[in-house]
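As structure tokens, the structure follows; a few thoughts come after it.
Owing to the predicted nature of the structure, the values given are computational and were not obtained by experimental measurement. Every chain is numbered from 1 and lettered A, B, ... according to where its sequence line falls, protein lines coming before strand lines.
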There are 2 protein chains.
Amino acid sequence: MDELKRRATVHDVAREAGVSLATVDRVLNGRPGVRTETAGKVAEAIRTLDFRRDLSASLLARARDLGVTFLLPDGRNEFMLGLIDAISRRAHATKGERISIDTMLVPAFDGAALATALAGLDPKQCDCAVVVATEDDRVRRAIDQASRRGIAVVTLVSDLPGSARRHFVGIDNQAAGRTAASLLGRFAAPGPIGLIVGSLSLADHHQRREGFEAVLHGEFPGHRITGPLEGRDDDARTEAAALELLARPVTGIYNLGAGNAGLLRALERTGLTGKVRVVAHELTDATRAGLASGAIDVVIDQNPDGEIAAALGLARAVALGQDTERRPAPIEIGLYLRDNLPRG
Amino acid sequence: MDELKRRATVHDVAREAGVSLATVDRVLNGRPGVRTETAGKVAEAIRTLDFRRDLSASLLARARDLGVTFLLPDGRNEFMLGLIDAISRRAHATKGERISIDTMLVPAFDGAALATALAGLDPKQCDCAVVVATEDDRVRRAIDQASRRGIAVVTLVSDLPGSARRHFVGIDNQAAGRTAASLLGRFAAPGPIGLIVGSLSLADHHQRREGFEAVLHGEFPGHRITGPLEGRDDDARTEAAALELLARPVTGIYNLGAGNAGLLRALERTGLTGKVRVVAHELTDATRAGLASGAIDVVIDQNPDGEIAAALGLARAVALGQDTERRPAPIEIGLYLRDNLPRG
DNA sequence: CGCGTCTTGAGGTACGTGCCTCATGACCTA
DNA sequence: TAGGTCATGAGGCACGTACCTCAAGACGCG
């Protein structure tokens, strides 16, 4: 009866499979020198006993800590800076859990650079790479190759389907766009709604726009879309785009990219702060200020801390080879009004 | 230089403090037989070296798993059932991390019963109790006593300030109420807004109501509040309360308690589904259905899974004595419209 | 047949901590 | 001064896994 409650160990697996401990170890850790047939017996025993590697013991026995490398675009925009903050916060909170975190910045929107960075990762030091992927076949190939070298890859914020990435951590951007439309459709008086995007060629932004247009057209026939204009995720250019939109009689604005400080300046300069309903993305200093002043009505956020925590959890699971069936909970889309701002 | 990168171990602490390993161990694990002065030297060394107990090794060395006991009110309402679900989901995901989870149901709104349950916990089997606290001095004392017996206590959903509870995990209910007002004030046409509470004597509900009234009165002078009526967190009674409110010309309803299935039935029976703006709490089968059908406009959610995960994380940290300064991130208030429902 | 390669087994050490026993002083009290 | 209690040290085993070495057997090939 006591026996029944004990978790199975590698010893049990070896006995059940009728092989030695060394062989089980080889199978578990992907070392060579095991016939397919023998590996099958071990896998079978693992299934029979519902064996799970003991994380505590596993991390303890490893010569080195679990190495996780973040590859982030070297853009200076608020959101990426926030992600970096989240990583260092999490790194601090993770001391004592045998995880060592590295962050590399690579040129933004540069597939070749990202592929090179991936190729340069040393499997001896990096067990898992967490990548904000750029849509590019070279990146796809680099991910596949890293995977073959024993570096698990997880995509963050923007996914790269069709690659060997093990998981994606991020929000459903189309749902975010639909939500923005739902809110603006009710907050803003019927009339033209201005749309600002970062770039028409970014997958995330494209998805947000799709969702936004579908719901606004489908459910709020009194509204129509003006734009989109490109703000390039940049304050100055977003300001210019916003000024252009505000010159027309818009009742609302949806900025689905970054550069919100520019948007706020444009509202200020035209004296339209509080008179035009505004939905923006990501909780940052700028958008918090906008919410507080009433310039922004709703901020749609993807919670960088949650994303980093999720990515690290996945990294650990993936690198220790125990992510077979269980799929991560999706990152939830956060909605913030002035009244439910965290830490207020 | 290699020396510099190594994490400090208990051996280092012993050397630094000029005491033996056994003494360090006594201090770390709160065992008796150490002079205050000696303990001080050890604490000093721990600070100097920035020593953190290695979780992996610690859990591995323990004879038994970390015992966490949840004490939940035995109410059959949707939210508590959801919490229980979240616990079992998390318990499943936590296999292999040496944490053993127990759930006890105690009579709802019964301070004496909760106090008794706390007193009955065995410190040999329970390292940390996670409690949905009832406002009652007997509970406060029971928490203090459990704390003295070596059982750390964390409050969940509803806090009990003034007790020896180590942390609180939950949302800011006043902010939730303010948010509801912000949304209803804009969604609903000016006019009377119906208010349904679970009970006027519940602390959480009281706070939500406060926040709601403050913002609705302060910012939406065209609206006024009708009610509150008590729904007792119960479907039938909530239905009755909603019918009473809907008999008047309300433009919106805020139900800050449970019993939403009853609210939906009332809307259906009066043919007002979709014609009255509705804000409710907690994502459940009922509120999801309401969002999907358009009967409910916004659901304010406190994310049970997140709360359970946070509580377990705290339990681990607290039970292993490493929660000195670092305070947990507050649980965020989730807002859901039909378009950003997770898993859609 | 002899050689090499591949597969497997046997056994050990190490990781950092928890917990146990036993011994050794220091100090207090009658 | 003898007996007791208390503070501390010394040392060892255990937890479950990772990773290492060495040896033995199987098998193929020339």
Side-chain angles (χ1 to χ4, degrees), chain A residues 5-15 17-42 46 49 51-67 95-99 124 127 150 316 319-322, chain B residues 5-15 17-42 45-46 49 51-67 95-100 124 127 150 316 319-322:
Chain A
K5 298 213 62 175
R6 250 189 59 245
R7 249 192 308 272
T9 74
V10 279
H11 298 269
D12 301 323
V13 173
R15 200 179 324 116
V19 302
S20 76
L21 245 178
T23 300
V24 173
D25 181 71
R26 290 181 185 111
V27 172
L28 276 180
N29 296 295
R31 275 184 274 278
V34 181
R35 260 184 307 169
T36 318
E37 186 195 350
T38 312
K41 285 197 299 185
V42 173
I46 288 177
L49 299 176
F51 166 80
R52 325 268 186 106
R53 185 192 317 240
D54 184 310
L55 275 193
S56 301
S58 175
L59 284 176
L60 179 56
R62 293 174 67 105
R64 62 196 173 77
D65 286 1
L66 198 64
K95 270 194 99 175
E97 300 200 18
R98 296 187 160 262
I99 295 186
K124 293 266 171 239
D127 299 280
R316 198 172 75 156
L320 298 176
Q322 45 161 26
Chain B
K5 299 214 61 174
R6 247 189 61 244
R7 246 193 311 273
T9 73
V10 279
H11 295 86
D12 303 322
V13 173
R15 199 180 323 114
V19 300
S20 76
L21 248 178
T23 299
V24 172
D25 181 69
R26 290 182 184 109
V27 172
L28 277 180
N29 295 294
R31 274 184 275 276
V34 182
R35 264 183 305 170
T36 318
E37 188 195 349
T38 312
K41 286 197 299 186
V42 174
I46 289 178
L49 298 177
F51 166 80
R52 324 269 186 105
R53 187 195 312 244
D54 184 311
L55 276 193
S56 301
S58 175
L59 283 177
L60 181 55
R62 293 174 67 107
R64 61 195 175 79
D65 287 359
L66 197 64
K95 270 195 99 173
E97 301 200 18
R98 296 188 160 264
I99 295 186
S100 111
K124 294 266 171 237
D127 298 277
R316 198 172 74 156
L320 298 175
Q322 45 162 25

(message) So if I apply the side chain to side chain contact (heavy atoms under 4.5 Å, CB included) rule between B:T38 and each of B:V19, B:V24, B:V27, which one comes out positive?
(response)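 Among the candidates, only B:V19 passes.
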According to a strict under-4.0 Å criterion, is [X] in side-chain N/O contact with OP1 or OP2 of [N]?
X	N	value
B:S58	C:dG18	yes
A:R26	C:dG9	no
B:R35	D:dC6	no
B:T23	D:dG9	yes

Euclidean distance, atom [atom1] of residue [X] to atom [atom2] of [N] [Å, nearest integer]:
X	N	atom1	atom2	result
A:R31	C:dG9	CZ	P	15 Å
A:L60	D:dA18	CG	C1'	10 Å
A:L21	C:dT7	CG	P	20 Å
A:D54	D:dA18	CG	P	10 Å
A:F51	D:dG16	CZ	C1'	8 Å
B:L49	C:dG16	CG	C1'	15 Å
A:R52	D:dT17	CZ	P	13 Å
B:K41	D:dA7	NZ	C1'	11 Å

(request) Identify the heavy atoms of A:S56 and B:L59 that sit nearest to each other, and give their distance. (result)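 Closest approach of A:S56 to B:L59: OG-CB, 3.6 Å.
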(request) Please report the shortest heavy-atom distance between B:V13 and B:I46, naming the atom on each side. (result)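 Smallest interatomic distance, heavy atoms only, reads CG1-CG1, 3.9 Å.
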I want to verify a distance call: between [options], whose nearest atom is closest to the [X] side chain?
X	options	result
B:S20	D:dG9, C:dC15, C:dT17	D:dG9
B:N29	D:dT8, C:dG18, D:dA18	C:dG18
B:A22	D:dA10, D:dG16, D:dA18	D:dA10
A:T9	C:dG9, D:dC15, D:dT17	D:dT17
A:D25	C:dA10, D:dA18, C:dT17	D:dA18
B:L28	D:dT17, C:dG18, C:dG16	C:dG18
A:A61	D:dA7, D:dT17, C:dG16	D:dT17
B:H11	C:dT17, C:dC19, D:dT17	C:dT17

(message) Nearest heavy atom decides the nucleotide; on that basis, is B:T38 or B:A57 closer to the 5' end of DNA chain D?
(response)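 Between the two, 5'-proximity favours B:T38.
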(request) Tell me which of A:G33 and B:V10 sits closer to the 5' end of DNA chain C, going by the nucleotide each one is nearest to. (result)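 Residue closer to the 5' terminus by nearest nucleotide: A:G33.
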Calculate, to the nearest 0.5 Å, the distance between atoms [atom1] and [atom2] belonging to [X] and [Y] respectively.
X	Y	atom1	atom2	answer
A:T9	A:L21	OG1	CG	7.5 Å
A:S20	A:R15	OG	CZ	13.5 Å
B:R35	B:T23	CZ	OG1	10.0 Å

